[in-house]
Amino acid sequence: MKALLVCEYREGTLLDASYELVAFADRIGADKVLAVVGSEGALPRFTGPVYLADAEKYGEYNPDLHKKLVLAAVEKENPDCIVFLHSSYGWDLAPRVAAALKAAQVSEVVAVDGRNYEVTCCNGKMRRTITSTTARTVVTVQAGAFTALPAEGTPQVTRLDLVDIASPVEFLGYEAAEAKGVDLAKAEVIVSAGRGVGKKENVPVIAALARALGGELGASRPVVDAGWVEHSHQVGTTGQTVSPKLYVACGISGAIQHVAGMKKSDFVVAINKDRDAPIGEVADVLIVADALQFVPALTAKLQ
Ligand SMILES: Cc1cc2nc3c(=O)[nH]c(=O)nc-3n(C[C@H](O)[C@H](O)[C@H](O)COP(=O)(O)OP(=O)(O)OC[C@H]3O[C@@H](n4cnc5c(N)ncnc54)[C@H](O)[C@@H]3O)c2cc1C
């Protein structure tokens, strides 16, 4: 089994999440080959073969050219599995590569056993297993699902180049989103409200605990989708990634997309009515209680 791992750069820097692809390949016991459109000065820390195309020439993203570069690496290496991060880069590129190879594509993989891929469904509430029956499989891997080990080593680099670099698309650069709302990345304490708080009118109960602890209010996605809290407070793969000293999860089940955004917190306290909620797996302390009773009592004590 061989896996071609397509790593990602952002403004000249290799994304750390690229090492999660290595962890994925380790899980299936695959030989690993990396493909990057980056630079000699920012190579992955990896012992093994790396195909390097120059980002100056091909753009940090260009759907046509990056597809051709990945296909060129596939041609040379004949991998069983081509793996991307489940990011905007992977969402866009993986299906193009899969279509060109007539390979099955499995998106948002959170666990794997050989050719059986577990993916989330029903808005993250359930998982289903997909078995690939094509010779090659293109996979996107959910952020946070495979824990990256400390990376080290020096790669053996092979240059990748295309003869025809004509493309109707030109990579211009990135545009920063307008900064608004709260910057949770800097907060030392975050107290987050989940769907378990029940309704918008209960959110101030959670916000009061955040204030009493000198922290910020966070939220899970359903709370944001319901319009109870602004999106700038959302923690998770489609919200902010945070690493506070203390993270308090109130009425949050611990879905993988939420955990990916807060698992680097130093200390996690979860308050949940369900003692078997998955948040218990990442929490240092799980308080089995009704958050709407426990949180105001704790806030009063702190005050
Ligand atoms: C592509 C994609 C991206 C996503 N991105 C994100 C993201 O960035 N962030 C994110 O959070 N989610 C994200 N999600 C959604 C994610 O899959 C989950 O659906 C979501 O995290 C669940 O939110 P929750 O834990 O608040 O709600 P639920 O999963 O409904 O959990 C509610 C919890 O509250 C508990 N509870 C109920 N009542 C009480 C009470 N009175 N006191 C204490 N506990 C109580 C329940 O036992 C339960 O564990 C994404 C999903 C997809 C498909």
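Just so it is clear, the structure is predicted and the values come from calculations on it, not from any experiment. Remember, it's 1-based here, ligands and their atoms both numbered in the order they're listed.
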Can you check whether [X] has an N/O within less than 3.5 Å of an N/O in ligand 1?
X      : value
Gly251 : yes
Val235 : yes
Lys273 : yes
Ala219 : no

Would you tell me whether Thr238 and Gln234 have side-chain atoms, one donor and one acceptor, within less than 3.5 Å of each other? yes

Short N-O contact, [X] and [Y], less than 4.0 angstrom:
X     : Y      : result
Lys68 : Asp64  : no
Lys57 : Asp161 : yes
Lys2  : Glu77  : yes

Options [options], ranked by nearest heavy atom to [atom], top entry:
atom                    : options                        : answer
atom 1 (C) of ligand 1  : Glu108, Gln240, Gln142, Met262 : Glu108
atom 7 (C) of ligand 1  : His258, Arg275, Gln293, Gln234 : Gln234
atom 49 (O) of ligand 1 : Asn272, Leu292, Asp274, Val223 : Asn272

Are Leu246 and Leu217 grouped together when hydrophobic residues (ILVMFWY) are joined by side-chain heavy atoms under 4.5 angstrom apart? yes

Taking the non-hydrogen atoms of Ala260, is any one of them nearer than 4.0 angstrom to ligand 1? no

Show the atoms of ligand 1 that are less than 4.0 angstrom away from any heavy atom in [X].
X      : answer
Ala291 : 40 (C), 42 (N), 43 (C)
Ser253 : 25 (O), 28 (P), 29 (O), 31 (O), 33 (C), 48 (C), 49 (O)
Gly194 : 26 (O)
Pro222 : 20 (C), 22 (C), 23 (O)
Ala255 : 16 (C), 17 (O), 18 (C), 21 (O)
Ala289 : 42 (N), 43 (C)
Gly239 : 8 (O)
Gly196 : 32 (C), 34 (O), 36 (N), 37 (C), 38 (N), 39 (C), 40 (C), 41 (N), 45 (C)

Would you indicate whether the side-chain heavy atoms of Leu69 and Tyr51 approach each other to under 4.5 Å? no

Is Phe294 close to Leu298 at the side-chain level, that is, under 4.5 Å between some pair of heavy atoms? yes

Can you tell me if [X] uses its side chain to pair, donor with acceptor, with the backbone of [Y] under 3.5 Å?
X      : Y      : result
Glu20  : Thr147 : no
Glu60  : Gly12  : yes
Thr140 : Glu108 : yes

